[in-house]
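Naming: A, B, ... by sequence-line order, numbering from 1 per chain. Being a predicted model, the structure only gives us computed values, none of them experimental.
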Amino acid sequence: MHVKEIENGIVLENIKDFELPHIFECGQCFRWNKEEDGSYTGVAFGKVINLRKEHDKVYIDNTNYNDFKNIWHSYFDLDRDYGKIKEKLSAIDETMKTSVEFGYGIRILKQDEWETLISFIISANNRIPMIKRAIEALSENYGSYIGNYRGKKYYSFPKPEKLYNLSLEDINFKGIGFRGKYILNAAKLVVNKEIDIYNLKNLETFKAREELMKFSGVGPKVSDCVMFFSMDKSDAFPIDVWVKRVMEYFYVPEGTSLKKIQKFAEEKFGNLAGFAQQYLFYYARELKIGKNK
DNA sequence: CTGCAGGGGTAAA
DNA sequence: TTTACCCCTGCA
């Protein structure tokens, strides 16, 4: 891969394992939207950027080399060799081989811990459009104004300090519902430093999970999502309904407990479990595998 | 058109 | 292990 500066942006040349729909529609993020021209615009770390791909070039608009170096390089996980991961997973069995071929351009974004925590608290028993709507409402009301891009206004995700002083009524947006109390509780625990969310990545996976589950509204699934999508813990294996379906379809008897599926995945995929989960999830959801039994 | 089940889990019983 | 949860969407 080669990085070049262009007007109001940069271009990544000769890039591998990087497909925009795979990355932005594999369920890991909620603030990226497809434009009419097929490009994607999104907000992360207080910036709004747009990505467009042509052959083996990815154009990142509305940024500069400095931000690329400090933010986007890490955010798009550009140091990781996905070719190697895909090779290892494909060697496991035919199911993995097929899943990897299907989502060949997936990359795991390294998102902000706090934003990921709140986003996945909102995701519980919720649907993607509703989750996105709730996150946008929080950002528009309590985030900072970033600017106007292509005729739309963009706002950063609100800091915990900003949400700390709010009441349930203040955040009673569509899609938040019963999760409102969890959000306020999380802001309180983080602001009061009862849980140091930005230090959890330095803990062992089991310990970080234990800490995350101290947050109200955070169970095994949400904690694994937060660890994998923001803390670089690839041995986490979040099991949502789609992963449960695809695991039951290919690997374990129907009705296997989540705990047993987790253990099965741990043994089968090891520290690549998170990546395996992501390829399986994308494959299962796009093809609706196991949906109609 | 109206009515109702269920959804990218978790907490509480 | 089972059930309620906000509320929107899909479907009967």
Side-chain angles (χ1 to χ4, degrees), chain A residues 21-33 99 102-103 106 108-109 111 115-138 141 166-189 195 208-230 236-250 253-262 265 273-293:
Chain A
H22 296 180
I23 294 170
F24 298 125
E25 287 166 33
C26 72
Q28 61 176 326
C29 53
F30 302 103
R31 300 207 67 192
W32 286 90
N33 294 300
S99 303
F102 189 80
I106 287 178
I108 302 305
L109 301 173
Q111 305 179 68
E115 177 174 341
T116 309
L117 172 71
I118 299 304
S119 298
F120 281 91
I121 284 177
I122 294 172
S123 82
N125 192 232
N126 210 344
R127 296 167 174 207
I128 292 177
M130 294 291 289
I131 302 166
K132 291 174 91 166
R133 203 205 285 198
I135 292 172
E136 286 316 308
L138 281 177
N141 283 278
L166 300 179
S167 69
L168 277 178
E169 293 74 51
D170 295 330
I171 59 167
N172 186 25
F173 306 116
K174 308 280 183 205
I176 301 246
F178 63 91
R179 308 163 193 88
K181 54 184 180 290
Y182 302 152
I183 295 173
L184 296 185
N185 165 267
K188 189 170 142 242
L189 292 181
I195 300 175
R209 181 184 287 119
E210 204 175 284
E211 287 296 303
L212 281 167
M213 284 176 57
K214 288 181 182 171
F215 287 106
S216 191
V218 176
K221 191 272 181 182
V222 170
S223 66
D224 276 26
C225 283
V226 176
M227 288 196 294
F228 186 45
F229 298 140
S230 75
F237 190 81
I239 305 173
D240 58 41
V241 307
W242 287 103
V243 174
K244 184 174 190 302
R245 279 180 197 141
V246 73
M247 291 300 283
E248 285 177 339
Y249 192 85
F250 289 115
E254 218 170 285
T256 305
S257 73
L258 295 181
K259 206 163 183 174
K260 280 187 177 160
I261 298 179
Q262 180 107 36
F275 297 104
Q277 180 269 358
Q278 211 57 30
Y279 291 113
L280 284 168
F281 171 84
Y282 187 66
Y283 180 57
R285 194 172 64 124
E286 294 294 310
L287 269 57
K288 304 196 188 309
I289 285 179
K291 173 82 177 182
N292 298 310
K293 300 192 268 289

Separation of A/Leu212 atom CG from B/dA11 atom P, in whole Å?
12 Å

Check: A/Val243 and A/Leu280 side chains under 4.5 Å, non-hydrogen atoms
no

Whole-Å P distance, B/dC1 and C/dC7
24 Å

Out of B/dT10, C/dC8, B/dG6, minimum distance to the side chain of A/Lys174 belongs to C/dC8

Please collect all salt bridge (Lys or Arg N to Asp or Glu O under 4.0 Å) contacts where either partner lies in residues 216-226 of chain A, sequence neighbours excluded, each pair once.
A/Arg209-A/Asp224

Taking the side chain as C-beta and beyond, is there a heavy-atom pair between A/Phe215 and A/Val222 under 4.5 Å?
no

Spacing of the C1' atoms in C/dC8 and B/dA11 (rounded, Å):
23 Å

Looking at A/Gln28 and A/Leu109, would you say the former's side chain and the latter's main chain have a donor-acceptor pair under 3.5 Å?
yes

Could you give the CZ-to-P distance, from A/Phe120 to B/dG9, as a whole number of Å?
11 Å

How is A/Arg133 classified with respect to the nucleic acid when contacts are heavy atoms under 4.0 Å: base, sugar-phosphate, or nothing?
sugar-phosphate

Are A/Phe30 and A/Ile122 packed together at the side-chain level, in the sense that at least one heavy-atom pair is separated by less than 4.5 angstrom?
no

Considering only the C1' atoms, how many Å lie between C/dA4 and B/dA5, rounded to the nearest integer?
14 Å

Please give, in whole Å, the distance from B/dA11 C1' to A/Arg179 CZ?
13 Å

Nucleotide C/dC6, atom P - distance to CD1 of A/Ile183 in whole Å:
13 Å

Under 4.0 Å between any heavy atoms, over every strand shown, what does A/Gly27 touch: base, sugar-phosphate, or nothing? Just pick one.
base

Considering every strand and a 4.0 Å limit on heavy-atom distances, what is the contact class for A/Val243: base, sugar-phosphate, or nothing?
nothing

Closest to the 5' end of DNA chain B, once A/Met213 and A/Arg285 are matched to their nearest nucleotides, is A/Arg285

Measure the shortest side-chain to side-chain distance between A/Val246 and A/Phe281 over non-hydrogen atoms and say whether it is less than 4.5 angstrom.
no

Compare all side-chain heavy atoms of A/Gln277 with those of A/Pro238 and state whether any distance is below 4.5 angstrom.
yes

Under a 3.5 Å threshold, yes or no: a donor from one side chain and an acceptor from the other, between A/Ser123 and A/Asn126?
no

From CG of A/Asn126 across to P of B/dA5 the rounded distance in Å is 19 Å

Closest approach to the side chain of A/Asn172, judged atom by atom: which nucleotide of C/dC8, B/dG9, C/dC7 is it?
C/dC7

Would you say the base of C/dC6 and the side-chain of A/Asn125 have a donor-acceptor pair closer than 3.5 Å?
yes

I want to verify a distance call: between C/dC5, C/dC8, B/dA11, whose nearest atom is closest to the A/Tyr182 side chain?
B/dA11

Can you tell me the distance, in whole Å, between the CG atom of A/Leu168 and the P atom of C/dC6?
10 Å

Which part of the nucleic acid does A/Pro238 contact within heavy-atom distance under 4.0 Å: base, sugar-phosphate only, or nothing?
nothing

Counting heavy atoms from C-beta on, name the nucleotide in B/dG6, C/dC6, B/dT10 closest to the side chain of A/Arg127.
B/dG6

Its dot-bracket string being built from Watson-Crick and G-U pairs below 3.5 Å, with | for another strand and [ ] for crossing, DNA chain C has the pattern |||||.||||||

Write down the distance separating the C1' atoms in B/dG6 and C/dT3, rounded off to the nearest Å.
14 Å

Taking any heavy-atom pair under 4.0 Å as a contact, classify A/Tyr282: base, sugar-phosphate, or nothing.
nothing

Separation of atom NZ in A/Lys181 from atom C1' in B/dG9, rounded to whole Å:
13 Å

Whole-Å distance between B/dT10 P and A/Ile118 CD1?
14 Å

